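Computed from a prediction, not measured in an experiment: that's the story for all the values here. Proteins come first, then strands; the chains are lettered A, B, ... in the order of their sequence lines, and each starts at number 1. Heavy atoms only: backbone and side chains are in, while hydrogens, waters and symmetry mates are out.
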Amino acid sequence: MSVYPFEKIEQKWQRYWDENKTFRTSDEPDRARPKFYVLDMFPYPSGAGLHVGHPEGYTATDIVVRYKRMKGFNVLHPMGWDAFGLPAENYALETGTHPGVTTARNIGRFRVQLKSLGFSYDWDREVATTDPDYYRWTQWIFLKLYERGLAYQAEVPVNWCPALGTVLANEEVVDGKSERGGHPVVRKPMRQWMLRITEYAERLLKDLEGLDWPESIKEMQRNWIGRSEGAEVDFEVEGRPGEKIRVYTTRPDTLFGATYMVLAPEHPMVDALTAPAQRRAVQQYREQASRKSDLERTELQKVKTGVFTGGHAVNPVNRAKIPIWVADYVSISYGTGAIMAVPAHDQRDYEFARQFDIPIVEVVAGGDIRCAAYTGDGVLVNSGSEWVSINGLPVPDAKEKITKWLEAQGLGCRKVNYKLRDWLFSRQRYWGEPFPIIFVEGQPKPLSANALPLVLPEVESFKPSGTGESPLATIESWVSTTDPETGKPARRETNTMPQWAGSCWYYLRFIDPKNDHAAVDPVKERYWMPVDLYVGGAEHAVLHLLYARFWHKVLYDAGVVSTPEPFRKLVNQGMILGEMEYTLYRDESGQPVTFADEELAGKIVREERISEDEVEKRGDVYFWKEQPEIRIEARSYKMSKSRGNVINPDEVVRRYGADSLRLYEMFMGPLEQVKPWSMKGVEGVHRFLNRVWRLFVDEAGGSLHSEVAGIDPSREQQRALHVAIKKVTEDIEAMRFNTAIAAMMEFLNEAQKWAPRPRQVLESFILLLAPFAPHLAEELWQRLGHPGSLALESWPAVNPEYLVEDIMEIPVQVNGKLRGRVRVPAEAAQASVLAAARADAAILPHLAGKTIRKEIYVPGRLVNLVVG
RNA sequence: GCCGGAGUGGCGGAAUGGCAGACGCACUGGACUCAAAAUCCAGCGCCUGUAACGGGCGUGAGGGUUCGACUCCCUCCUCCGGCACCA
């Protein structure tokens, strides 16, 4: 049961902050104060409303922001909406409701929910990616990309669903069928816009080094970019003088071990190389491959497939003739689309060679190629010819020598490759930013910047056009236009931009959200950038963060922004799982069974939720108390509607208040970690807030508690306070919110014993609590007699003088085992501490009859006596 | 398969070379109450002996470094996340 009127207090202060614009950040840069820009990943305003994962990161940043404000920083902390996207469009398809209507409704709900949690955003800076005043500048940035040759068109396969008459996003395709309806999906090439992110691959890779990001995220980006060093080598084609096949390899040292060559099925030279006898087989194979999606190609990896073309290539190092195969384990989009296959030293080539009985020649000693490919280091063997030899060299030297030789002979060259592909930047959808492009006589032409925004037109129906084009293609009056320069007839681009576009630069717009002359004012940009702290989910580890970095670098090159990287420090909050669940399994006859056995047997089992006290743990395993031989599955699951374990933050706020929700989410454990929800845990922190309330307010709830007095605090009281100040300050700086809260709980446990309670100490404590539970803190601050908000009060400073104790208790170990403790004055010297330890009653028996061989004293921490 | 991260009481977690289990939850006992809830007080890793009070074991497993290891090094196991024919 609650004693403190959190509902009244929270509404009161939310209204106060709103009306007084307490958290408004001035439009003009404030050079007198250091700036601090804290950004949350803005949400997609879904119809389901906020889930408990949102407030996790948002509370963390809010604590940092409120703390920094009190520390005297000029803080920027904005919020907005990533509002384009598929769900609204799909909803429009089902109900006929305009996505703009749905989006506005959802934004309204999200805003109310976020405000109800007391986050200190500057709401005057709110932006939505769907607002024409916003996407005008998204389109403008696209023009910058286009001008710089970074946007181009290409024919690219899409997921085409004939039954739905539309193109589907990858996540809408499940096992080759449409997610909605289960209709077959095929791959069909369509004209698309691409962004040349590959041009920035090297910089995107290199600039990761200087970022204060989690190592795992940097590593994921590095893997995604996938830089490799190697060589391109030209192979002549036998019987076709002058024609060459270029391959890419990271192992030029193994050239002498190349026993065949593989071309991707889509390789342009396949036809020319195919011998008449093989033509049928090759054609059939290529057709088959073209129908497979990338996923199928890789998922059927158990058995490698391929077909011999009948043609041969000539190995440039020894003039050996090797057969040319076509196989789909080689991809056209990486390297040159052709490889030299060295089965002895490449796992994939090894499998293929085994499959088709192709010779395997060892060229690096160290493995046993009869059993497996050897990819390790070693010394080169079998690697000489009358033209060149690398025998006897270790792998790195062999690479170097052969590459130099190839370059000198004009047969090849050093080459760096990336796994990163260009970014497919168009979608055949309505609810996205229109491209500021028209086609005049079939040629693309950018609109001029002052023609922006190109507003999304109203449309009769959100049904797909049926041709695979976006619904925009059906609005002839919009598509058909004239070139404003020449007056010639023109047609508009009907593709729209992907959802990533708007989120690629929103952090810049927050700096200057109302500017209608520029995306962002350069003076303000230089003041605020880079973002000092960016918090969001790890699901955006690669795509959003890589795309945003790419755009940022383009804008940097274009002189629009002043920093090469947008986000200085990045933190990922961990997912919040549902409550712990204990599951008992029963077979068809209702008999309880141990879940692991039944899973293996593949039998049908029925799940039954049971409560925690029906379960007992033995070792690492949980058992059912009723039948102790039956094992129970104990784990927590991702929250999902279907599992019915979703926690609604509104409900938590209603029952315990926003401060309790905030505090609980921070108290659960380290921010970055995955952790299960526990309603009991919410009650725990709620009790803590109640106790804080009762420290200040009497039973009747009206006035200040009579024990709160303007007296001088004792040394012990000062000490309790300053220990808390130190811990909370350090923990906020390091974003260890769970231990900061624990420190405040420890303080409260002490302070509850005090009567009377010195007001000065209590006031400092309220300031410590304020970033975590701002509503309660504001209310108590006011009741202590302060007019207005505490948001800009100074953060309490630690006085180290209060941290030292007069007497310290030093644990004493004998041979590393704790045997007692001695109490000595704080300033005691090593010799006297050791003497006290040796003389201690608890220690003496352990020293009896033994010699002290070594004495260790860690000042203020511990004594260890080594005896023998 | 490869790359990251993590394994600590009944549960969430704390301690990053120096007293393992802070803080919270759950649980047990007590106070208050006609009673219950709330609140307050006390206890709470496991085993073991006991009169006060000890002793042994213990941070996924095994080994190593050190006066001393949850913490550092090596090998292995399990779980989570990401990538997966990238030549």
Side-chain angles (χ1 to χ4, degrees), chain A residues 1-3 214-220 222-224 226 228 230 247-251 254 262 297-301 304 327-331 333-342 346-349 351-352 417-421 538-539 541-542 572 574-575 580 612-613 615-617 619-620 622 634-636 664 667-670 672-685 687-688 690-691 694 699 727 736 738-746 748-749 752 809-818 820-821 842 853-858 860-867:
Chain A
M1 263 295 118
S2 172
V3 295
E215 197 46 49
S216 61
I217 301 290
K218 291 208 245 182
E219 198 54 31
M220 279 160 76
R222 283 188 202 111
N223 291 341
W224 193 263
S228 70
V247 302
Y248 174 69
T249 178
T250 56
R251 295 294 304 272
T254 61
V262 183
R297 271 206 194 185
T298 54
E299 245 171 1
L300 297 170
Q301 57 185 291
K304 293 225 177 338
D328 67 4
Y329 81 90
V330 171
S331 149
S333 51
Y334 185 77
T336 60
I339 62 157
M340 64 170 205
V342 184
D346 180 284
Q347 186 55 39
R348 297 148 302 182
D349 297 343
E351 284 166 26
F352 191 86
N417 252 320
Y418 301 92
K419 280 201 261 180
L420 184 70
R421 308 292 156 83
E539 65 273 20
V542 177
N572 289 118
M575 203 192 332
M580 179 81 132
E612 190 182 346
D613 34 73
V615 174
E616 95 187 303
K617 193 181 184 185
D620 287 341
Y622 296 82
R635 55 170 291 194
S636 48
Y664 173 64
F667 189 58
M668 292 172 86
E672 306 80 5
Q673 205 162 298
V674 177
K675 40 208 177 276
W677 186 268
S678 156
M679 231 17 138
K680 287 286 185 196
V682 184
E683 284 173 28
V685 294
R687 272 199 285 267
F688 165 70
N690 273 325
R691 282 157 60 213
R694 284 198 306 268
E699 291 287 322
K727 184 78 177 134
R736 289 184 302 244
N738 54 332
T739 50
I741 294 166
M744 291 188 282
M745 288 173 166
E746 284 182 83
L748 181 70
N749 289 343
Q752 270 184 315
E809 203 179 58
I810 304 292
V812 181
Q813 298 181 334
V814 178
N815 286 344
K817 279 192 206 297
L818 183 70
R821 39 191 95 226
R853 306 223 179 265
K854 200 169 178 184
E855 296 175 326
I856 289 139
Y857 176 53
V858 184
R861 310 279 325 210
L862 140 156
V863 168
N864 189 11
L865 302 174
V866 185
V867 301

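Nucleotides B/rG24 and B/rA42, compared at atom P, are 12 Å apart to the nearest Å. Distance check on atom C1': B/rA61 versus B/rU78 gives 10 Å, rounded to whole Å. Between B/rA36 and B/rU16, the two P atoms lie 44 Å apart (nearest whole Å). Between B/rA52 and B/rG13, the distance separating the two P atoms is 38 Å to the nearest Å. If you take atom P in B/rC25 and the same atom in B/rG43, they sit 16 Å apart, rounded to whole Å. Going from the C1' atom of B/rG4 to that of B/rC67 covers 36 Å, rounded to whole Å. Spacing of C1' atoms, B/rA51 relative to B/rC44, comes out at 24 Å, to the nearest Å.
Taking atom NZ of A/K675 as the reference point, atom C1' of B/rU8 lies 18 Å away to the nearest angstrom. Taking atom CG of residue A/L865 and atom P of nucleotide B/rC67, one finds them 15 Å apart after rounding to whole Å. The CG-P distance, from A/L748 to B/rU39, rounds to 13 Å in whole Å. Atom pair A/Y418:OH and B/rC83:C1' shows a separation of 19 Å (rounding to whole Å applied). Between the CG atom of A/N223 and the P atom of B/rA84 there is a distance of 10 Å, given to the nearest Å.
Using a 4.0 Å heavy-atom criterion, one finds that A/Y664 contacts no nucleic acid atom at all. Across all strands shown, A/K419 has heavy atoms under 4.0 Å from base atoms, whether or not it also approaches the sugar-phosphate. Across all strands, A/S228 comes closer than 4.0 Å only to sugar-phosphate atoms, never to a base (heavy-atom distances). Among the heavy atoms of the strands, none lies under 4.0 Å from A/R635.
A search for side chain to side chain donor-acceptor pair (under 3.5 Å) contacts involving A/E612 returns nothing, not counting sequence neighbours. Not a single ring pair (Phe, Tyr, Trp, His ring centres under 6.0 Å) links A/W224 to another residue, sequence neighbours left out. In terms of the salt bridge (Lys or Arg N to Asp or Glu O under 4.0 Å) criterion, A/E683 has no residue partners (sequence neighbours excluded). Partners of A/K218 under the salt bridge (Lys or Arg N to Asp or Glu O under 4.0 Å) rule, at least two apart in sequence or in another chain, do not exist in this structure. Applying the salt bridge (Lys or Arg N to Asp or Glu O under 4.0 Å) test to A/E219 and every residue at least two apart in sequence or in another chain returns A/R222. With sequence neighbours excluded, no residue forms a ring pair (Phe, Tyr, Trp, His ring centres under 6.0 Å) with A/F667. By the side chain to side chain donor-acceptor pair (under 3.5 Å) test, A/N815 is found to be paired with no residue, residues two or more places apart in sequence or in another chain being considered.
In terms of phosphate contacts, A/K817 brings no side-chain nitrogen or oxygen within less than 4.0 Å of OP1 or OP2 of B/rA69. At the phosphate of B/rG5, neither OP1 nor OP2 sits under 4.0 Å from any side-chain N or O atom of A/Q673. Considering only side-chain N and O atoms, A/Q347 lies nowhere under 4.0 angstrom from the phosphate OP1 or OP2 of B/rG1. Taking side-chain N and O atoms only, A/Y857 has no distance below 4.0 Å to OP1 or OP2 of B/rG68.
When each of A/I217 and A/G226 is assigned the nucleotide of RNA chain B with its nearest heavy atom, A/I217 is the one assigned upstream, toward the 5' end.
Because its glycosidic torsion is within 90° of 0, B/rG9 is reported here as syn.
Side-chain contact check for A/K727 versus A/T739: some heavy-atom pair is nearer than 4.5 Å. Using a 4.5 Å heavy-atom threshold, the side chains of A/R694 and A/N690 count as touching. With a 4.5 Å cut-off on side-chain heavy atoms, A/R421 and A/S333 count as touching.
Residues A/I339 and A/Y248 share a closest heavy-atom pair of CG2-O, 4.5 Å.
Checking B/rC83, B/rC85, B/rA14 against every side-chain atom of A/P670, the shortest atom distance belongs to B/rA14. Residue A/M220 has its side chain nearest to B/rG82 when only B/rG82, B/rG13, B/rC67 are considered.
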Polar atoms only, N or O, under 3.5 Å: list the protein pairs with nucleotides 15-26 of chain B and their distances.
residue: B/rC19; atom: O2; partner: A/R821; partner atom: NH1; Å: 2.5
residue: B/rC19; atom: O2; partner: A/R821; partner atom: NH2; Å: 2.7
residue: B/rC19; atom: N3; partner: A/R821; partner atom: NH1; Å: 3.1
residue: B/rA22; atom: O2'; partner: A/E746; partner atom: OE1; Å: 3.3
residue: B/rA22; atom: O2'; partner: A/E746; partner atom: OE2; Å: 3.4
residue: B/rG24; atom: OP1; partner: A/N749; partner atom: ND2; Å: 3.4
residue: B/rC25; atom: OP1; partner: A/R687; partner atom: NE; Å: 3.1
residue: B/rC25; atom: OP1; partner: A/R687; partner atom: NH2; Å: 2.9
residue: B/rA26; atom: OP2; partner: A/R687; partner atom: NH2; Å: 3.4

- Message: Pairs counted only when both distances fall under 3.5 Å, Watson-Crick or G-U: show me the 5' to 3' dot-bracket for RNA chain B, [ ] for pseudoknotted crossings and | for other-strand partners.
- Response: (((((((..(((.....[....))).(((((.......))))).((((.....))))..(((((..]....))))))))))))....
